[in-house]
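What follows is one structure encoded as structure tokens, with my remarks underneath.
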Amino acid sequence: MNFNEVCFEFAAGVAEQLPESDLPEIVFSGHSNVGKSSLINKLVQRKALARVSSQPGKTATINFYKLKEFRLVDLPGYGYAKVSKVEKERWANLVEGYFAQKRKCALIIQILDLRHPPTDDDLNMVDFLYRSGYKFAVVLTKSDKLKKTQYEKQIEYYKDIFSTIEGIELIPFSAQTGSGQDEVRKLIEESVINLNNSEV
Ligand code: GTP
Ligand code: MG
């Protein structure tokens, strides 16, 4: 599958602006500043397709990137404290609006920071995805920031936390070194093929 012919397509600030879902969608969800945009850039081998921010809370819209066979959907990060209540409500309505629509969701990639325990928001999101029956996987990012023993320990920790979710995929990843990127691309490919097959 082609991951390199990609263009930014659309940014939606409110749910009513969400474009029609006529291609399989790969959705990136996670806490603000966790590395959603960095993962997207790595997957398509572009330095700055999705804007990476030193300040958290920068992606305030749902951004759509179009490839030949699917779209990448960058959700605004949740949990950033320094955003006004009104702005937080807008984001919540936007993301809830996205999930409430009948869309061609092939896969939700829930991104967590391998170094830290999940927040309540993270756990709620995983719970929501699981209960709603979405195909989803957890990418554990910023793995380059851990030494080997710490890395192994955190992987075990995450396996343990999600042990009640049967068959959950946990993929360690680093946008810095690129480790894990092939696994994520493979999962995306499989998910797009599965969705297409389920529709015929
Ligand atoms: P918002 O759009 O603000 O919610 O953030 P985001 O989730 O899109 O995160 P973004 O990709 O902008 O990354 C936030 C910061 O983390 C940036 O400074 C990135 O360079 C850094 N970062 C992201 N992924 C990695 C990684 O795998 N390793 C390291 N070392 N830094 C990373
Ligand atoms: Mg972002």
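Whatever order the structure lists ligands and atoms in, that order sets their numbers, starting from 1.
Using a cut-off of 2.8 Å, one finds that N63 contributes no N/O/S atom close to the Mg ion (ligand 2).
Residue pairs meeting the side chain to side chain donor-acceptor pair (under 3.5 Å) criterion with at least one partner in residues 101-112, sequence neighbours excluded, are E25-R103, S29-Q110, Y78-Q110, Q101-R103, K104-E199.
Distances between N or O atoms of K145 and those of ligand 1 include no value under 3.5 Å. In terms of N/O distances under 3.5 Å, ligand 1 is approached by V34. Of the N or O atoms in P76, none lie within a sub-3.5 Å distance of an N or O in ligand 1.
Ring geometry, F10 versus F64: the interplanar angle falls from 30° to 60°, so the pair is classed tilted.
Contacts between D74 and ligand 1, counted as non-hydrogen atom pairs separated by less than 4.0 Å, are absent for every part of the residue. Counting heavy atoms closer than 4.0 Å to ligand 1, residue T141 contributes side-chain atoms (C-beta onward) but none from N, CA, C or O.
Side-chain contact annotation: S191 with N194, donor-acceptor N/O pair under 3.5 Å absent. Counted by atom type alone, D113 and T141 present zero donor-acceptor pairs between their side chains at under 3.5 Å.
Looking at L67, L195, V73, I188 one by one, the single match for side-chain contact (heavy atoms from CB on, under 4.5 Å) with I26 turns out to be I188.
For ligand 1, the atoms closer than 4.0 angstrom to any heavy atom of G35 are 6 (P), 7 (O), 9 (O), 10 (P), 11 (O), 13 (O), 23 (C).
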